Number of protein chains: 2
Amino acid sequence: MKLKVEVLPITTGGNRIAILSEESASLLGVHSSDRIRIQFCDREMIAIANIAAHYPHKRIGLYEETVAALGVKEDDTVSVLLAPLPESLYKVRAKLRGERLREKDVVTIVKDVVERHLSSAEVAAFLTALSINGLSTSENEALSRAMVATGKTISFGEGPILDKHSVGGIPGDKTSMLVVPIVAAAGYTIPKTSSRAITSPAGTADRVETLCPVCLGIDEIKKVVAKTNGCLVWGGALELAPADDLFIQVEYPLGIDPMLLPSILSKKTAMGATHVAIDIPTGMGAKIKTRTEAYTLASDFVDLGKRLGLNIQCALTFGDQPLGCGIGPALEAKEALETLMGEGPLDLRDKAVSLAGMLFEMVGMENGQSQAEDIIDSGKAEAKMREIISAQGGNPKIKPDDIPVGPEFAEVASDRAGKVIWLSTEDIVRVAREAGAPKEKGAGIILHSKLGENVHKDSVLFEIYAERSSKLASALELAKRLSPVVLTQKPAEKMILDRVPEKFAHEKTFSLDR
Amino acid sequence: MKLKVEVLPITTGGNRIAILSEESASLLGVHSSDRIRIQFCDREMIAIANIAAHYPHKRIGLYEETVAALGVKEDDTVSVLLAPLPESLYKVRAKLRGERLREKDVVTIVKDVVERHLSSAEVAAFLTALSINGLSTSENEALSRAMVATGKTISFGEGPILDKHSVGGIPGDKTSMLVVPIVAAAGYTIPKTSSRAITSPAGTADRVETLCPVCLGIDEIKKVVAKTNGCLVWGGALELAPADDLFIQVEYPLGIDPMLLPSILSKKTAMGATHVAIDIPTGMGAKIKTRTEAYTLASDFVDLGKRLGLNIQCALTFGDQPLGCGIGPALEAKEALETLMGEGPLDLRDKAVSLAGMLFEMVGMENGQSQAEDIIDSGKAEAKMREIISAQGGNPKIKPDDIPVGPEFAEVASDRAGKVIWLSTEDIVRVAREAGAPKEKGAGIILHSKLGENVHKDSVLFEIYAERSSKLASALELAKRLSPVVLTQKPAEKMILDRVPEKFAHEKTFSLDR
């Protein structure tokens, strides 16, 4: 069938969609989501048909990417015919029926995700099936490899390449900002890429960005690492495993995260990592709630790492409350810098030296943790951090107080005395985000009391920081309603946690940050 | 945030999507698929945000439906802010986690599907979860009711309203074209709506359309039924259960059909049916392969019918081969008309009088089947069919030979003698569709030998009909490659059905036709 092109002046970010009228679709025998082959001169391409009710007959609507790929212009005539469904879609259907996918099936799917031959509905169905049926180790391995193969990779040359990653889930976790300079100061290469917050108040990229630029290109990253042994950059624009970015976009509204293992390990593989410490925060306040889940995930990581040629160790870390006191990009960066300078909260310092020490022992050093402590105490970690800040284009002389926070802030005080027995991380995340984090970098929370601490009546439980007074007000109101810090006289005095008088829906919180 | 409207000159069939630049999305804290509230003067609406990489900053792209709903025009300034995710999406997420949905949850989801507040990716995830986890009877009931409540309904007044429906799956099944006139001739009301083929060579609407128009409006249908007691119309444009049409669009590429029960029964309820005979073709050639599956489905139908106030009986019918000999819209209409006129294949006649007889007995008549036979033999069924054809706007005097078939045709002969032990319905469907069915109404197949029949060398196994010689040639080539009619000397002589020398993927055939 011959149809005239209508150029739709929209870039869809790669989606290969063509709009057809109901009449043309009917004549071609095309149903919505069927594939059509579009030919123009000696070029051709496959697109996904979207059938629009009142679209003009004899027309085909093409988005800018398709127009460019075919080399057509408005009113050009193209030939259109029904094309078979892609092989990858049959493999998606097999997964929907519960079948195990072979490596070549996974390769077909990932390739077609990256090249946009599968619609978002088809990708959503695939991810839902993975989420419900689970993935075998072979499928995880095949997905990791396919995600690496369809993206860019970076080589940092000989020698061990170290990395550290958290599966995410507790607010205030700025550990990477300490581990990277400690490890780099010991002479090891640790090129750390990280993400921005999706569902949390801050990602490592958001935190570091208050100190220096994080959006570096591959060549710039190589220069920074050559100079300093380390870096702390945003991984989002490097196209390291572009399939993962597309999967996350679809997972986000659905609240599912079936690709956690291949998502993390494909990016580590693409960065050439050889030794990786994986942090699994475990507890009521974390993504992973129980030790059983944590050990299962840890052993899956180690196993998958072995298959991919990565030396992996996992650490189950205390995940019942936020790490340190600051929550929000600027407040966390400040706390990380203070801790590198010898001050700051002990839990943060302990977590950083433990994880750095674990990495040291993985590459053959002895007494890793005390070596890491020495590197902080000697000031070498701080000096290394300043080197990295400078190499990435920031001010190496920055002091903690130079990092702008607030300027609006307010205290939330206790209405009675007691001991803190429960800190709802979910509610703290909600309040910090209501205050403006992560978009408004000076917004967030400083905790004044943590688990087990005694609180007097009128003691400050936490402070809320915001860049705008309207945000501060709504965060304060939310904080009062949620009461995220729970007090009692003694830990076991209040045995009833909550009452359920009628059937009701408990909304689980979903975190995609990792 | 204030953004300037860019009108995107496309009707998307109702999707409420707004295009934002990465910069605006980042400032609003909006991720792809997040919801945004768009305000203009005193109007506002919620849309799903699509973030486009190179979309101009300060612009928001709105499709025509959204533009009309808001009353905006090009370059108007609208206010945009992040909106919470819809309640229905949380219920979809609950289903993804394997939770059972309550009636009000289902209502929320179906309403938001019809009003386009859920994206196709979200609907796909929901349907995938239903397909994998299955539906409880309560969920099936709630879905049926919600799908009726969100669509139109038709009332045909007092008295029993009969209906007949096949869950689909064997080619050549033109039974409805006989059951409707038999039942209507007995004085009962039977307003039959049916679908067009999606994955098969002909749907009832495609078949009937070779005799008379089938795209009637609700008022026209009422007139036809008032005059003749019956009708045979296309249900697709009546908006009886619009959610179902949207679900089917998403299910089609995914090859899943979790909503079979509510899909069928919502449409029967919307038509006011009181007594429904459900045909479940059962066998190697049908959608339902085994008796166990068929009995489970049948009892689910009866149970769900009871909950919805419908009197339902199911018939398990022989589903090992096509019904009758003609396959393809015109060839099937011709055969149906011949059978009403006292000729035609015996299996078709038997199936029609059995099902009509079952309906007669459901409303209290005795010896239903022999009453149905009398109605055919007396010519009353044929006369009633001609009345219906006339009332729907066709020529009541049409003779079987007036229905145009072909004009291209070719015979496929046997290369040896033997007995037919296997007729691959899947392969027959592929050949008939390759010949042009269902779009080209004269295309299809006439079977000359069926199961158990003896065939000589050079006997004609089947004929292929096409409207174009190129289609005939490619269908012939496919028929030779597939050899859909399998011969042997005696049924059990060839015990090995197939060999599997290595791991390979057997693609299951998917049929959405019902």
Side-chain angles (χ1 to χ4, degrees), chain A residues 6 8-14 19 26-29 31-34 48 50-55 61 64 85 89-94 96-99 102 105 119-129 131-133 198 249-250 252-256 433 436 438-439 503 505 507-508 510, chain B residues 6 8-14 19 26-29 31-34 48 50-55 61 64 85 89-94 96-99 102 105 119-129 131-133 198 249-250 252-256 433 436 438-439 503 505 507-508 510:
Chain A
E6 177 180 10
L8 305 173
I10 311 162
T11 51
T12 58
I19 316 278
S26 169
L27 287 169
L28 285 164
H31 296 92
S32 237
S33 301
D34 268 340
I48 303 173
N50 270 16
I51 300 167
H54 303 291
Y55 196 73
E64 285 179 356
L85 292 176
L89 185 51
Y90 287 102
K91 301 308 170 190
V92 168
R93 289 181 178 188
L96 265 55
R97 293 193 301 264
E99 294 179 20
R102 293 165 302 169
D105 304 335
S119 72
S120 61
E122 291 154 4
V123 174
F126 176 62
L127 293 167
T128 302
S131 176
I132 296 175
N133 292 332
I198 303 176
Q249 267 186 32
V250 176
Y252 168 68
L254 304 177
I256 55 175
R433 288 178 66 98
K439 283 296 147 208
K503 187 165 181 177
E507 286 306 339
K508 292 195 189 161
F510 172 63
Chain B
E6 177 180 10
L8 305 174
I10 310 163
T11 50
T12 58
I19 316 278
S26 171
L27 287 168
L28 284 164
H31 295 93
S32 236
S33 300
D34 268 340
I48 302 172
N50 270 14
I51 301 168
H54 303 289
Y55 196 74
E64 285 180 356
L85 292 177
L89 185 50
Y90 287 101
K91 301 308 171 190
V92 168
R93 289 181 179 188
L96 265 54
R97 293 193 301 264
E99 293 178 21
R102 294 164 302 170
D105 304 336
S119 72
S120 61
E122 291 153 4
V123 174
F126 176 62
L127 292 167
T128 302
S131 175
I132 297 175
N133 292 333
I198 304 177
Q249 265 185 33
V250 176
Y252 168 67
L254 304 177
I256 55 175
R433 288 178 67 98
K439 282 296 148 206
K503 187 164 180 176
E507 287 305 339
K508 291 194 190 163
F510 173 62

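What you see is a predicted model, and the numbers here were worked out from it, not measured in a lab. Residue numbers start from 1 in every chain, and the chains themselves are labelled A, B, ... in the order their sequence lines are given, proteins ahead of strands. All values below come from the heavy atoms of this structure, side chains included, with hydrogens, waters and symmetry mates left out.
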**Study point:** Under 4.5 Å from a heavy atom of chain A, the part of B:L254 involved
**Key:** both

Exercise for review: Could you tell me the separation between the CZ atom of A:R102 and the NZ atom of A:K91, rounded to the nearest 0.5 Å?
Suggested key: 5.0 Å

Exercise for review: Of all the heavy-atom pairs spanning B:S32 and B:I51, show the shortest one and how long it is.
Suggested key: N-CD1, 3.2 Å

**Study point:** B:L127 portion near chain A, given a 4.5 angstrom heavy-atom threshold
**Key:** neither

Revision key, fill the gap. Note: B:P253 and B:Q249 closest approach over all heavy atoms is CD-O, 3.2 Å

Practice item. Determine the option with the most heavy-atom pairs under 4.5 angstrom with chain B, choosing from A:G29, A:A121, A:G255, A:A124. Key: A:A121

Point to revise | Residue among B:I198, B:N50, B:L27 with most heavy-atom pairs under 4.5 Å to chain A | key: B:I198

Practice item. Tell me, out of A:N133, A:V92, A:L85, who's got the most heavy-atom pairs with chain B below 4.5 Å. Key: A:N133

Check your understanding: chain A: which of B:L28, B:V250, B:L89, B:D105 shares the most heavy-atom pairs with it under 4.5 Å?
Key -> B:L89

Review point. Which pair of non-hydrogen atoms, one from A:H31 and one from B:Y252, has the smallest distance, and what is that distance?
Key: CB-CE2, 3.5 Å

Revision key, fill the gap. Ranking B:V123, B:I256, B:D34 by heavy-atom pairs under 4.5 Å to chain A gives rank one to B:D34

Practice item. Can you see which heavy atom on B:I19 is nearest to which on B:A52, and at what distance? Key: CG2-CB, 3.7 Å

Review point. With only heavy atoms counted, which part of B:L96 is less than 4.5 Å from chain A, the side chain, the backbone, both or neither?
Key: both

**Study point:** CD on A:E122 to OG1 on B:T128, rounded to 0.5 Å
**Key:** 10.5 Å

Revision key, fill the gap. Per-residue tally against chain B (heavy atom, under 4.5 Å) across A:G436, A:S26, A:P438, A:S131 peaks at A:S26

